[in-house]
Visitor: 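Quick one: the structure is below, and I'll ask about it shortly.
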Amino acid sequence: MNTDWKLNTPPESEVNVDADVLAMRAPLVRVHRNDEGTWSFDGPGRNPRPSKKTMLSAVVGAWPHVAALSDLATGGAAVWSWKQHGWASEFKCECGSCEQPVAADIDRNSWPTELQPHSILSVEQVALSGQAPLTDIISTPGGIALLGPGDHRRSADLMAPVALANVIRRWPHTMQALRALKEGRGMRWNQQQLNWHEYVLA
């Protein structure tokens, strides 16, 4: 039994994932459950879009911020808010004056000034492909690296260069950690608390 499992749907449940999100051509920005309770994970734009089936555990492994949706009820939907840096309920406004969250890609207005979207980070390939969860972000004199489980030593052939903007589109929950990261420090994802905590590199 997975004691870290936060969602009320079993990890082996079959779910639908937008093909563009799965191929990392688009960020995961909308999650909804149909009347039978089946989960669907979508990129920005109109639905329905071409999708593929996978297991819920694979989605949570690749996109850990999905675990925060433990209260998403059958028939409900949530949208990633780049401004609030978290999930927002996709409510239907009746009065017309509410600002309704929209499933959108990150735009220039939401981009933090201290991050350079075109700067290149090193990302461990198994984390990038979703084969291993992203667990650590470290800042060394050689640059910033995003790593899966294990110690911090990686050979160059295991890493891939990725623009910062694409790292944040792939893992929206990394934005605040990247803003706070200082040289010689690391950030580790805490599965229980669903947040990043800082540590000093040895």
Side-chain angles (χ1 to χ4, degrees), residues 1-82 84-92 100-106 123-137 146-149 160 162 165-177 189-196:
M1 181 68 194
N2 185 346
T3 54
D4 287 344
W5 191 251
K6 301 259 188 266
L7 302 176
N8 56 13
T9 310
E12 61 281 359
S13 305
E14 194 174 66
V15 298
N16 302 308
V17 183
D18 182 326
D20 281 344
V21 170
L22 211 50
M24 290 178 293
R25 289 187 295 267
L28 169 60
V29 289
R30 181 173 184 268
V31 180
H32 69 278
R33 296 181 69 187
N34 66 15
D35 294 338
E36 285 80 57
T38 304
W39 294 72
S40 293
F41 299 91
D42 296 305
R46 299 180 77 79
N47 294 307
R49 296 151 60 92
S51 70
K52 295 188 173 168
K53 296 201 178 302
T54 187
M55 286 198 308
L56 186 56
S57 58
V59 172
V60 173
W63 293 279
H65 61 306
V66 166
L69 293 172
S70 54
D71 341 340
L72 188 63
T74 294
V79 170
W80 182 260
S81 164
W82 297 101
Q84 294 163 19
H85 197 74
W87 294 105
S89 170
E90 188 185 55
F91 57 85
K92 297 283 178 269
Q100 190 169 334
V102 176
D105 205 336
I106 188 166
V123 182
E124 190 171 8
Q125 289 173 8
V126 290
L128 196 56
S129 65
Q131 294 164 277
L134 171 68
T135 57
D136 287 80
I137 304 173
L146 288 86
L147 306 170
V162 181
N166 288 333
V167 164
I168 286 175
R169 290 174 78 228
R170 170 72 173 81
W171 293 291
H173 71 300
T174 60
M175 186 193 278
Q176 300 295 61
W189 180 251
N190 181 325
Q191 279 291 99
Q192 281 80 30
Q193 315 273 287
L194 300 178
N195 61 12
W196 294 98

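Since the model is a prediction, treat every value here as computed from it, not as a measurement.
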Visitor: When rounded to the nearest 0.5 angstrom, what is the spacing between CZ in Arg33 and CG in Leu7?
Guide: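 These two atoms lie 8.5 Å from each other.
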Visitor: Just so I know, are the side chains of Met24 and Asn166 near enough to count as touching, which here means a heavy-atom distance under 4.5 Å?
Guide: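 Heavy-atom side-chain distance check fails, nothing below 4.5 Å.
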Visitor: Are the ring centres of Trp171 and Trp63 closer than 6.0 Å?
Guide: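 So the answer is no for these two rings.
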Visitor: Just how far is it from atom CH2 of Trp196 to atom OG1 of Thr174, taken to the nearest 0.5 Å?
Guide: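 Between atom CH2 of Trp196 and atom OG1 of Thr174 there are 6.5 Å.
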Visitor: Taking atom CD of Glu12 as the centre, report whether more than 12 heavy atoms of other residues, nucleotides or ligands fall under 6.0 Å from it.
Guide: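 More than 12 within 6.0 Å, yes.
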Visitor: Between Ala62 and Gly130, which heavy-atom pair has the shortest distance, and what is it?
Guide: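 Of all heavy-atom pairs spanning Ala62 and Gly130, the closest is CB-CA, 4.2 Å.
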Visitor: Applying salt bridge (Lys or Arg N to Asp or Glu O under 4.0 Å) as the test, list every pair that has at least one member in residues 165-175; sequence neighbours left out.
Guide: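 Of all non-adjacent pairs touching residues 165-175, those that pass salt bridge (Lys or Arg N to Asp or Glu O under 4.0 Å) are Asp105-Arg169.
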Visitor: For a quick test of reading the model, state the closest non-hydrogen atom pair linking Leu28 to His65 and the distance between them.
Guide: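 That would be O-NE2, 4.3 Å.
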Visitor: Side chains of Leu56 and Phe41: closer than 4.5 Å at any heavy-atom pair?
Guide: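 Yes, their side chains come closer than 4.5 Å.
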Visitor: Work out which heavy atom in Glu14 is nearest to a heavy atom in Thr38; give both atom names and the distance.
Guide: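 Heavy atoms of Glu14 and Thr38 come nearest at O-CG2, 3.9 Å.
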Visitor: Supply the atom-to-atom distance Leu69 CG to Lys6 NZ, rounded to the nearest 0.5 angstrom.
Guide: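 Leu69 CG to Lys6 NZ: 13.0 Å, rounded to 0.5 Å.
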Visitor: To the nearest 0.5 Å, how far apart are CH2 in Trp39 and CG in Asn16?
Guide: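 Between atom CH2 of Trp39 and atom CG of Asn16 there are 13.0 Å.
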Visitor: For Ser129 and Gln131, test the side chains for any donor-to-acceptor distance below 3.5 angstrom and give the result as yes or no.
Guide: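 Note: Ser129 and Gln131 side chains meet the donor-acceptor criterion.
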Visitor: What distance separates Ile168 CD1 from Gln176 CD, expressed to the nearest 0.5 Å?
Guide: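 That separation rounds to 9.0 Å.
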Visitor: Check whether any side-chain heavy atom of Glu90 sits under 4.5 Å from a side-chain heavy atom of His32, and report yes or no.
Guide: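 Sidechains of His32 and Glu90: no contact.
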Visitor: Can you tell me how far the OG1 atom of Thr135 sits from the CG atom of Asn190, to the nearest 0.5 Å?
Guide: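 If we round to the nearest 0.5 Å, Thr135:OG1 and Asn190:CG are 12.0 Å apart.
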Visitor: If you look at every heavy atom in Gly43 and Val29, which pair is closest and at what distance?
Guide: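 Shortest heavy-atom separation between Gly43 and Val29 comes out as C-CG2, 3.5 Å.
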Visitor: Mind listing the closest non-hydrogen atom pair of Asp42 and Val21 along with its distance?
Guide: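 Scanning both residues completely, I find the closest heavy atoms to be C-CG2, 3.8 Å.
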Visitor: Any idea which heavy atoms bring Thr74 and Asn34 closest together, and the distance?
Guide: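 In this case the closest contact between Thr74 and Asn34 is CG2-O, 3.1 Å.
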